[in-house]
Each structure stands twice: as structure tokens, then as C-alpha cells.
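This chain uses plain numbering: 1 for the first residue, then up along the sequence. Quick caveat: nothing in here was measured; it's all calculated off a predicted structure.
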Amino acid sequence: MNMIANLQTDITPDGPDYDIVRRVIELITEDYRDQPSLEAIAARLNQSPTQLQKTFTRWAGLSPKGFLQAVTLDHAKRLLRSEDMPLLETSIEVGLSGPSRLHDLFVTHEAMSPGEWKAKGGGLTIRYGFHICPFGVALIMVTDRGLAGLAFSDSGDEKACLEDMTCRWPNASYVEDLQATVPYAARIFEPGKWSSEQPLRVVLIGTDFQVRVWQSLLKIPFGKAVTYSDIANDIGRPTAQRAVGAAVGANPISFVVPCHRALGKNGALTGYHWGLTRKRAMLGWESAHA
């Protein structure tokens, strides 16, 4: 297996902005109580306020101040409230993550059989590629049945990211194949290409319990969030909140299977396998595009 990351040229118009965005998010998160001004943030990053405002707005669709408001605890609590009905009790068409949504990535999914899961990838060929995306560097992994993995890293950490993912299915064969992954990258991170008429094919590789949790995550609408207890109730295991949390953390298809929309009981972001800064970035980006 080739463990050398080979970065595809930027396939999103705002991909290179993420490094600046990441540093801004870190600053406004650390200094939240001080409510840092645009000028103060720009000075810390050696940027002009005007350029920083343009960069951030290009990436997020809103200003750093607006983004800060979008990732506050109060906003997270509002995401958890349902205006119409409990989010996970709406009727979901078979295989479709949300037929009534206007702004979401439509997904059709299937799960591998228990036997295939126990084989830990044996007999499976997984093609992968690294791509610049709005949240840093994305590692996309696909099989003949659809998208099997989506992970994230910062530039320079691609090898560790790949090792993290390949150890999940150690018996699979891995082939670096950008031609196979580019179409997925172009669709996943471009809302204009999200369509219920051409849903994204996803294959879930996990235990039965994990797959049920991931299927529940697929029901969370774009721009909304639920708690771990909501998910536990949805799968009929109300006392299994800790196990649900572990399954959410093990989700191999981040962003598409939206584990970033799972929050703590009081709206706290809790953990995220690819870093809390990236989770804040995803929630803020979605708020801007919702």
C-alpha cells in the first residue's frame, strides 16, 4: 500500500482559505468571553482587517463576528430545538437521508453484511485520494458500492490520517486513485451539486449497532443538531448513550454521515475525532449555507 499522500490540486474555490479560517476559529474560541474585534484578530494573524474579512466571508458566507455567533452555546441549544416535530421521528424514505430538505446532501446508503464486517476488509478494494476542501485536507475512500470513508487532516498530517483510516479495515487492499475520488470530492463539498435526483452512494462498514447509530445520524437535517440521548432513543436503546457516543466517534464517513451534528445534552460540542475546531467550522459553515 502506498502510504505517501499525493495532494490533488484544489477542487473547491475556497479550499486554501481553511488555514486562515482555522486560526480565526481557534482565536475566537479561546477568547470568546473577550469578544475579540476583527482588528484584534487580524493583528494576531498578521492580516489586514479588510483582507481577513474578505477571506472569511468567502469561506463561510458570513463575517468572523457572525460566525462567532453561529457557534455559541446558545446557538447550539437553538439547533437542538425542533420547531415542528422531533427531528428523528420524521418519516424517512427508504435509503434517503431526508426527502424534505432543501439544503442537504442527499444520500442513499447500504450496510455491509456482518460477515463482510468480520473479515475486516478482506476481499475489499478501497480506492483513496487526498483533496483540498473547505475543512482542510480531505481523505476520500471509495469502493465499487460507494463512499466508504471520509476523514480530515491538516496539511502535513496526511500520512497519520491515512493510517488512522486503514487500520479500521486492515485486510482490505488500498489503491491511491484520484480519478476515482475526484467526483466524490467535487459533489460532497459543493452544495450546488446536492440533488435528491442524484443521491450520493454510501456504504456503511461497521457493527450492527454502529450502523444503526450512523443511520440515525443521517436523519439529522442540515443546520440542525441532536443529542446523544436523542440518537439512543431513536435506535431503541435509551440507556446506551455512552455506547452511542463511541459509535458516533467511530463514524468512518465524517461530514456526509454528520456526526458533527451530535452534541452534548446541554448543547456542548463535546469531542470530535478530527478536532473540535473542525467541528465548529462545519457547524458554522452549515449555518451559513442553511
**Request:** Could you give me the CA-CA distance, side-chain angles and deciding distance for Asp230 and Lys219, then say whether salt bridge (Lys or Arg N to Asp or Glu O under 4.0 Å) is met?
**Result:** CA-CA 11 Å; Asp230 289 331; Lys219 299 178 186 179; over 6 Å; no
**Glu286 vs Arg261, salt bridge (Lys or Arg N to Asp or Glu O under 4.0 Å): CA-CA, chis, key distance, verdict** = CA-CA 10 Å; Glu286 288 187 343; Arg261 297 179 197 162; 2.9 Å; yes
**Prompt:** Side-chain donor-acceptor pair under 3.5 Å between Ser229 and Thr227, yes or no?
**Reply:** yes
**Within-4.5 Å side-chain heavy-atom neighbours: Phe130 and Leu162** = yes
**Fill in**
For Ala148 and Trp169, the nearest pair of non-hydrogen atoms, with its separation, is O-CH2, 3.5 Å
**Asked** Step by step, would you call Asp154 with Arg22 a side-chain contact (heavy atoms from CB on, under 4.5 Å)?
**Response** CA-CA 10 Å; Asp154 295 324; Arg22 175 181 59 80; 3.8 Å; yes
**Request:** Classify the side-chain pair Ser254/His273 by whether it contains a donor and acceptor separated by less than 3.5 Å.
**Result:** no
**Item:** Closest non-hydrogen atom pair, Asn251 against Trp214
**Value:** CA-NE1, 3.5 Å
**Prompt:** Any donor-acceptor pair under 3.5 Å linking the side chain of Asp157 with the backbone of Ala160?
**Reply:** no
**Prompt:** Once you round to the nearest 0.5 Å, how far does CG of Leu217 lie from CZ of Arg212?
**Reply:** 13.0 Å
**Item:** Point-to-point distance, once rounded to the nearest 0.5 Å, from NZ of Lys118 to CG of Asn171
**Value:** 15.0 Å
**Prompt:** Are any non-hydrogen side-chain atoms of Leu139 and Asp164 less than 4.5 angstrom apart?
**Reply:** no
**Item:** Worked check of side-chain contact (heavy atoms from CB on, under 4.5 Å) between Phe209 and Arg237
**Value:** CA-CA 10 Å; Phe209 181 84; Arg237 298 284 298 277; 3.6 Å; yes
**Message:** Within the 3.5 Å criterion, strictly below it, is a donor on Trp274 or Ser153 matched to an acceptor on the partner's side chain?
**Reply:** no
**Request:** Work out which heavy atom in Val248 is nearest to a heavy atom in Ala262; give both atom names and the distance.
**Result:** CG1-CB, 4.2 Å
**Asked** Closest approach of Gln210 and Ala250, non-hydrogen atoms and distance?
**Response** NE2-CB, 3.7 Å
**Message:** Contact between Lys54 and Thr57 at the side-chain level, heavy atoms closer than 4.5 Å - yes or no?
**Reply:** no
**Asked** Any side-chain heavy atom of Ser173 within less than 4.5 Å of one from Leu124?
**Response** no
**Request:** Measure across Val203 and Gly146 and return the closest heavy-atom pair with its distance rounded to 0.1 Å.
**Result:** CG1-O, 3.8 Å
**Prompt:** Are Leu45 and Leu27 close enough that some pair of their side-chain heavy atoms sits under 4.5 Å apart?
**Reply:** yes
**Request:** Heavy atoms only: give me the nearest Tyr174-Met165 pair and the separation to one decimal.
**Result:** OH-O, 4.3 Å
**Asked** Would you say Ile140 and Arg127 make side-chain contact, with heavy atoms under 4.5 Å?
**Response** no
**Message:** side-chain contact (heavy atoms from CB on, under 4.5 Å) for Cys133 and Phe255? Distances and angles first, verdict last.
**Reply:** CA-CA 12 Å; Cys133 80; Phe255 188 70; over 6 Å; no
**Request:** Starting at CD1 of Ile126, measure out to CG of Asp144 and round the result to the nearest 0.5 Å.
**Result:** 10.5 Å
**Asked** Distance only, no hydrogens: is a donor on one side chain within 3.5 Å (strictly under) of an acceptor on the other, for Tyr228 and Thr270?
**Response** yes
**Reported CG-to-CD1 distance for the pair Leu150 and Ile188, which is rounded to 0.5 angstrom** = 5.0 Å
**Request:** Return yes if a side-chain donor-acceptor contact under 3.5 Å exists between Thr55 and Gln51, otherwise no.
**Result:** yes
**Prompt:** Atom OH in Tyr184, atom CG in Leu200: separation rounded to 0.5 Å?
**Reply:** 6.5 Å
**Prompt:** Do the two ring centres, one from Phe135 and one from Trp285, sit under 6.0 Å apart?
**Reply:** yes
**Request:** Begin with the C-alpha distance, continue with both residues' side-chain angles, and end with the deciding distance and a verdict on side-chain contact (heavy atoms from CB on, under 4.5 Å) for Ile25 and Lys279.
**Result:** CA-CA 10 Å; Ile25 294 171; Lys279 183 172 184 174; over 6 Å; no
**Request:** Decide yes or no for Val24 and Gln47: does some side-chain heavy atom of the first lie under 4.5 Å from some side-chain heavy atom of the second?
**Result:** no
**Message:** Using 0.5 Å steps for rounding, measure from the CG atom of Asp234 to the OG atom of Ser216.
**Reply:** 3.5 Å
**Request:** State, yes or no, whether a side-chain contact exists between Val175 and Thr125 at a heavy-atom distance under 4.5 Å.
**Result:** yes
